[in-house]
Amino acid sequence: MEGNLTFLQDVQDAYATLSELTIVITDLEGNEVTNPSGITPLTKIAFEKWITKELYQSRIQPLAAIRNPSVYVNHIGLKVIVSPIQVNGQTTYYVFAGALIRDSTRTLVRQYIKNNYKNADEIFEALELTPELSETEIKAKMDIIQKLSQVVRTYLTHQTEKQYNNQKASFIHQSLESVRTGTATTCSFIEELFKLHRDIDFIGLAIEDKSDQYVIETIHGDHTDKLKGHAFLIGEGFLGHTIATEQFQFWQNVQNDPRTHFFKSNDLDPKSLFCVPIYGGDRVTGILFGGSSNVEIKNENVLESFKVYSSILNTLLTSNNIKHDLQNHLMELSTFNEIFRVITTVKDMKRVLYILVDISINITRGPFTCIVFKPNINQSKVDIVSRGLVKNEINDYCYDVAIRAFSNSTNETNLKQPFQNKTNWGTDVMEFPLLYKNRLYGMLCVGLYPKNDPDKYKAFLSTLSVAGSISFHLCQNNNKENSDEDAIQLLQDVMNHLNKEKHMESIKIESLVKDFTGFINEEEYTSLKKVCRLVCYNIEFIEKYINDQEMLSILVECQNVLQNQKANRRDSEILGLLYHYVTQNENIDTIKVMSNVNEDLRTKFVSYINQHSIVETEISFDNGQLITSQKQKNQNSEGLLKKELNLSSREVDVLNHILKGYNNREIAANLFISEHTVKNHITKILQKLEVSDRAQAIAKVYQLGYSPPN
């Protein structure tokens with residue numbers, strides 16, 4: 001208010017001159033906000049003798065409900081105009097204007113003063129100078145005071161909105177900065193949002209949980225404690241309705257709406273309610289909601305800001321999820337790195353079994369883990385190592401696993417993939433085959449508590465089982481000559497689990513190495529053909545597991561090539577050349593500028609690429625002129641996809657975009673179709689490829705030798 005006093009004082013002075021009245025503005029407690037304007041001899045005495053904060057309060061309280069100027073008669077018979085000033089629908093100040101004498105009442109006023117005041121000559125003199133006014137004249141002055149109230153209201157409303165917009169902008173900036181620095185939480189965001197919007201009685205956030213329900217994660221406001229933690233389904237009540245429609249919703253006068261039962265049963269009785277969906281990708285993952293319990297929300301413009309807040313919450317939730325996934329991924333990588341280092345150097349099978357059991361139960365924190373292990377394929381003996389199982393449970397469950405795994409009647413195809421099962425006593429369990437080169441060594445079985453999410457651990461445990469399988473193979477075939485080959489195979493299997501895109505790149509590089517070295521027909525390049533599968537790994541990581549110095553030297557020199565330095569080995573130049581070609585979307589022009597690579601080698605590679613491409617030429621005659629156009633097609637053309645996988649032309653177009661990393665929206669824009677149509681095409685593509693997601697589709701297509709056109 002301090003910054004507005006000069007303006008209010010100037011406006012008040014002007015209207016005091018216009019109305020020929022004494023004017024002052026007070027707050028709701030009776031404190032004078034402005035200095036009185038237009039002082040007359042009579043009002044000068046009044047301010048000196050009678051007017052106090054308590055007097056203002058005694059007049060304000062009975063007039064709390066008025067919305068327009070009103071007149072009251074003071075204790076000596078003088079009339080005073082009172083006009084409320086409302087800001088955003090709420091009375092915040094009052095204008096007092098006077099004093100007025102109604103015509104024919106001067107005698108009554110004089111008589112009252114004479115009877116109640118001693119030495120009243122000064123008052124009589126001031127009274128004589130105050131003109132009597134007719135009812136029409138008083139009404140005209142009330143209109144002037146009402147205009148003053150409107151001017152002040154407009155100004156204060158503008159100032160309030162300006163202040164609110166500044167606070168809102170500051171809140172948005174601070175929130176985004178907190179998201180950027182990683183210090184923001186949903187609870188702190190909702191708390192600060194509630195402080196910003198004091199005109200809203202409660203604000204909350206509901207987030208989707210794992211059981212397709214939505215749970216109120218945090219809520220602020222009076223009588224909201226019971227609502228925190230409560231769950232609801234899609235379509236249930238006001239909140240569930242918003243999720244079902246995926247639209248911003250605003251309801252008024254909902255006191256008698258049966259959908260408020262969710263709130264009323266938890267001691268909250270809303271009059272107005274709004275809900276804003278929060279999106280995670282293409283679907284609603286939460287809602288921001290709030291409302292009023294005392295006064296109806298009438299300013300819908302305020303609610304527009306909540307659409308912006310929902311976008312910030314979406315960013316915050318997405319950031320938190322990414323951070324959580326990244327932390328888990330880093331933990332898994334760090335853990336697996338250590339496990340891999342130990343598990344590939346241990347030569348005792350028993351120790352490997354203990355490591356697998358201990359690590360898996362510590363990662364999942366489940367009720368039990370066990371390995372049903374057959375050390376010798378020619379014997380019927382089966383070993384069991386377990387944590388968390390008692391004797392009768394071992395006899396029951398582990399015997400069943402042994403029969404399924406090693407019985408002659410077992411369908412072997414069922415043992416090549418992880419399998420989710422259930423014990424006879426009702427515990428969920430994930431079963432992972434310990435399989436290497438078609439040799440089934442056993443089954444890693446990990447029990448889960450009811451609240452455990454199998455997908456959370458599946459990838460890590462699958463990778464762990466691969467490492468364990470190869471470790472068993474190394475223990476049984478302790479051959480120095482083959483140890484590097486086994487380690488290479490293991491590392492490639494690990495990459496397949498951790499990063500399918502890099503794994504597919506390594507497969508493509510391996511294929512190119514074999515074909516191109518055969519094309520140039522210089523030497524065998526045996527070490528290059530082996531180690532090329534590891535070019536996607538960091539060299540410091542590889543050195544822990546590969547003993548062959550020849551292969552390590554190839555990788556080190558390859559790194560020099562990729563850093564635009566000269567290499568001392570031709571095989572390293574070949575590997576760097578092919579790696580660069582594959583990772584640069586197979587753009588042959590990027591090869592031509594690799595000046596650090598031998599020019600003869602670059603020329604031969606360009607020749608190799610050209611000879612392994614088919615050129616189609618179209619010739620047409622137009623007005624006697626010869627016009628030709630050429631386009632190159634990879635031998636593994638789209639005809640392969642249509643023939644082998646029965647894909648339509650449009651499905652091939654969509655698949656090519658998937659292989660290039662486009663999302664659904666980008667595919668729709670490039671092909672001039674709707675996102676819904678893109679989703680339908682992708683569903684059919686996955687069905688025809690007999691896979692469940694994009695990553696598997698990409699892997700299968702690349703395994704066929706196909707790559708998208710540039």
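Side chains are part of it too, since the values below use all heavy atoms of this structure and drop only hydrogens, waters and symmetry mates.
- The CD1 atom of I81 sits 10.5 Å away from the CG atom of L148 when rounded to the nearest 0.5 Å.
- At least one side-chain heavy atom of R59 sits less than 4.5 Å from a side-chain heavy atom of F96.
- Remark: side-chain polar atoms of T52 are paired, donor with acceptor, to backbone N or O of L55 under 3.5 angstrom.
- With respect to the salt-bridge test (charged N to carboxylate O, under 4.0 angstrom), the residues E161 and K168 do not qualify.
- Atom CD of E128 and atom CG of L42 lie 11.0 Å apart (nearest 0.5 Å).
- You'll find the ring centres of F238 and F250 outside the 6.0 Å limit.
- Looking at heavy atoms from C-beta onward, L227 lies in side-chain contact with F263 at the 4.5 angstrom threshold.
- Although no hydrogens or angles enter the test, the distance criterion places a donor-acceptor pair under 3.5 Å between the side chain of T22 and the main chain of G38.
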### Task
Applying salt bridge (charged side-chain N to carboxylate O under 4.0 Å, His left out), run through R102 and E135 and close with a yes or a no.
CA-CA 7 Å; R102 178 75 167 83; E135 194 66 39; 3.0 Å; yes

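- Counting heavy atoms from C-beta outward, T105 and K79 have side chains that stay 4.5 Å or more apart.
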### side-chain hydrogen bond (donor to acceptor under 3.5 Å, both in side chains) evaluation trace for D103 with S134
CA-CA 6 Å; D103 54 3; S134 67; 5.3 Å; no

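- Side-chain atoms of R365 do not come within 3.5 Å of backbone N or O of Y449 as any donor-acceptor pair.
- Although no hydrogens or angles enter the test, the distance criterion places a donor-acceptor pair under 3.5 Å between the side chain of E132 and the main chain of S104.
- Distance alone, capped at 3.5 Å, places no donor-acceptor pair between the K53 side chain and the G30 backbone.
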### Query
Checking ring pair (Phe, Tyr, Trp, His ring centres under 6.0 Å) for the pair Y309/F306: CA distance, chi angles, key distance, verdict?
CA-CA 5 Å; Y309 303 147; F306 280 82; 5.1 Å; yes

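- More than 12 non-hydrogen atoms from other residues, nucleotides or ligands lie less than 6.0 angstrom from CD of Q167.
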### Task
Might you work through the side chain to side chain contact (heavy atoms under 4.5 Å, CB included) test for Y279 and E246, ending with a clear yes or no?
CA-CA 9 Å; Y279 288 89; E246 300 185 354; 3.4 Å; yes

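- Side-chain atoms of T34 come within 3.5 Å of backbone N or O of I25 as a donor-acceptor pair.
- A distance of 5.5 Å separates CD1 of I101 from CG of L78, quoted to the nearest 0.5 Å.
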### Task
For the pair Y56 and N31, evaluate side chain to side chain contact (heavy atoms under 4.5 Å, CB included) and give the outcome as yes or no after the intermediate values.
CA-CA 8 Å; Y56 285 127; N31 300 302; over 6 Å; no

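- In terms of modelled atom types and a separation under 3.5 Å, the side chain of D257 and the main chain of R259 share a donor-acceptor contact.
- Closest approach of L686 and D693 over heavy atoms only: CD2-O, 3.5 Å.
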### Task
Output, in order, the C-alpha distance, side-chain angles, deciding distance and verdict of side chain to side chain contact (heavy atoms under 4.5 Å, CB included) for I219 and I190.
CA-CA 7 Å; I219 186 168; I190 297 300; over 6 Å; no

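- Here the CG-OG distance, from L313 to S175, works out to 8.5 Å after rounding to the nearest 0.5 Å.
- Atom CD of E122 has 12 or fewer heavy atoms from other residues, nucleotides or ligands within 6.0 Å.
- Taking NZ of K264 as the reference point, atom CD of Q255 lies at 7.5 Å (rounded to 0.5 Å).
- Residues I203 and H220 are not in side-chain contact: their nearest non-hydrogen atoms beyond the backbone lie 4.5 Å or more apart.
- Of all the heavy atoms in F171 and E192, the pair that sits closest is CE1-CB, 3.6 Å.
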### Task
Apply side-chain hydrogen bond (donor to acceptor under 3.5 Å, both in side chains) to E177 and T181, showing your working.
CA-CA 6 Å; E177 186 66 13; T181 58; 5.7 Å; no

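- Shown are I23, V33, T17; of these, the side chain to side chain contact (heavy atoms under 4.5 Å, CB included) with Q12 is made only by I23.
- Rounding to the nearest 0.5 Å places OG of S178 at 9.0 Å from NE2 of H173.
- Checked by atom type and distance alone, the side chain of H230 pairs as donor or acceptor with a backbone atom of K226 at under 3.5 Å.
- Within the 4.5 Å cutoff, side-chain heavy atoms of Q9 are placed close to those of S37.
- No side-chain heavy atom of V71 sits under 4.5 Å from any side-chain heavy atom of L100.
- Under a 4.0 Å N-O distance rule, the pair K139/D143 qualifies as a salt bridge.
- Between D222 and D201 there is no side-chain heavy-atom pair separated by less than 4.5 Å.
- A donor-acceptor pair is defined here as one N or O able to donate and one able to accept, closer than 3.5 Å; no such pair exists between the side chain of T260 and the backbone of N256.
- A distance-only check finds a donor-acceptor pair linking the side chain of S310 to the backbone of K307 [under 3.5 Å].
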### Task
Given salt bridge (charged side-chain N to carboxylate O under 4.0 Å, His left out), test E675 with K679 step by step and report yes or no.
CA-CA 6 Å; E675 286 189 57; K679 290 180 181 179; 5.6 Å; no

#### Entry: From CA spacing to verdict: side chain to side chain contact (heavy atoms under 4.5 Å, CB included), Y214, I234
CA-CA 8 Å; Y214 288 77; I234 297 176; 3.7 Å; yes

